[in-house]
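Working notes, beginning with the structure itself.
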Amino acid sequence: MVTALALMYAPDNATHLPDVGREPPSPRQVETVVIALRMLADPTRLRILWHLAGAEYDVASLTAELGASRPAVSQHLGKLRLAGLVTVRRDGRRAVYSARGGHVRRMVAEVLWAADHQLTGAADHE
């Protein structure tokens, strides 16, 4: 499952990553991270974001992929959108959703990558 997203995985020595040890995160940064992680803490929302990290979907397509009810998928998409993790665009009468940028796609890949390492006991590549 993670393999397709692993291509977007940022290496540990990437120069664009913040120097986490230098200054503590601001209160606004912490709150934003907490909101994003709360969104990922729900199994349905994590599965939705995994799908949206690879392609655009409308509610009907996501409902079919997830085997969830349309109202549930719509509600989860609304929460993800309010948290700034997904974007929506109109395509005629359809609303088409996608993950909001590379940071969100890499975040989803990273949490799933970490889960794979924990489940398999694979060594981290630092």
Side-chain angles (χ1 to χ4, degrees):
M1 173 165 77
V2 177
T3 308
L5 292 175
L7 297 173
M8 294 180 266
Y9 175 74
D12 287 343
N13 62 355
T15 58
H16 65 278
L17 296 177
D19 184 357
V20 177
R22 186 164 295 190
E23 289 188 33
S26 72
R28 289 185 65 203
Q29 285 175 311
V30 170
E31 183 60 27
T32 300
V33 169
V34 167
I35 289 168
L37 293 177
R38 279 188 192 136
M39 292 297 108
L40 291 177
D42 180 89
T44 301
R45 288 194 292 265
L46 179 58
R47 290 174 61 213
I48 287 171
L49 273 175
W50 182 85
H51 284 287
L52 296 178
E56 294 183 324
Y57 284 85
D58 62 13
V59 174
S61 299
L62 276 172
T63 298
E65 288 287 333
L66 298 170
S69 71
R70 186 180 182 101
V73 170
S74 292
Q75 183 180 45
H76 286 301
L77 284 167
K79 289 179 180 182
L80 290 167
R81 188 173 175 209
L82 283 174
L85 299 176
V86 301
T87 59
V88 62
R89 68 173 180 82
R90 299 306 275 171
D91 182 21
R93 293 181 50 171
R94 295 179 330 137
V96 181
Y97 294 86
S98 62
R100 185 176 166 243
H103 293 297
V104 172
R105 289 190 296 275
R106 286 186 297 276
M107 180 175 61
V108 171
E110 185 64 36
V111 297
L112 292 171
W113 190 271
D116 278 352
H117 278 80
Q118 183 176 348
L119 293 171
T120 65
D124 288 333
H125 301 286
E126 295 188 32

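If you read the sequence from its start, that first residue is 1, and numbering goes on from there. For clarity, every value in this text was computed on a predicted model and none was experimentally measured. These numbers come from the heavy atoms of this one structure, side chains and all, not from hydrogens, waters or symmetry mates.
Considering only heavy atoms from C-beta on, Leu77 stays 4.5 Å or farther from Arg81 through its side chain. Side chains of Val108 and Leu85 form no contact here, defined as non-hydrogen atoms less than 4.5 Å apart.
Criterion: ILVMFWY side-chain heavy atoms under 4.5 Å apart, direct or through other members. Under it, Leu80 and Leu37 are part of a common hydrophobic cluster. Grouping the Ile, Leu, Val, Met, Phe, Trp and Tyr side chains by contacts below 4.5 angstrom, directly or via other members, places Leu46 apart from Ile35. Linking Ile, Leu, Val, Met, Phe, Trp and Tyr whenever their side-chain heavy atoms come within less than 4.5 Å puts Val88 and Met39 in one cluster.
The minimum heavy-atom distance linking Val59 with Ser74 is given by the pair CG1-OG, 3.5 Å. When all heavy atoms of Arg105 and Ala53 are compared, the closest pair comes out as CD-O, 3.0 Å. Heavy atoms only, all atoms of each residue included: Leu66 and Arg47 are closest at O-NH2, 3.4 Å. Minimum heavy-atom separation, Val73 to Ala68: CG2-CB, 3.8 Å. Scanning both residues, Pro25 and Val30, for their nearest heavy atoms gives CG-CG2, 3.7 Å. Between Leu49 and Val86, the closest heavy-atom pair is CD2-CG1, 3.7 Å.
A distance of 11.0 Å separates NE2 of His51 from OG of Ser61, quoted to the nearest 0.5 Å. To the nearest 0.5 angstrom, Glu110 atom CD is 14.0 Å from His103 atom NE2. Taking CD of Glu65 as the start and CG of Leu52 as the end, the distance is 10.5 Å to the nearest 0.5 Å. Between the OG1 atom in Thr87 and the CD atom in Glu56 there is a gap of 7.5 Å [rounded to 0.5 Å]. Distance check: His76 NE2 to Ile48 CD1 gives 6.0 Å after rounding to the nearest 0.5 Å. A distance of 10.5 Å separates OG1 in Thr44 from CD in Gln75, rounded to the nearest 0.5 Å.
Atom CZ of Arg90 sits in a crowded spot, with more than 12 heavy atoms from other residues, nucleotides or ligands closer than 6.0 Å.
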The test is side-chain contact (heavy atoms from CB on, under 4.5 Å); show your working for Met107 and Leu40 and say whether it passes.
CA-CA 10 Å; Met107 180 175 61; Leu40 291 177; 3.9 Å; yes
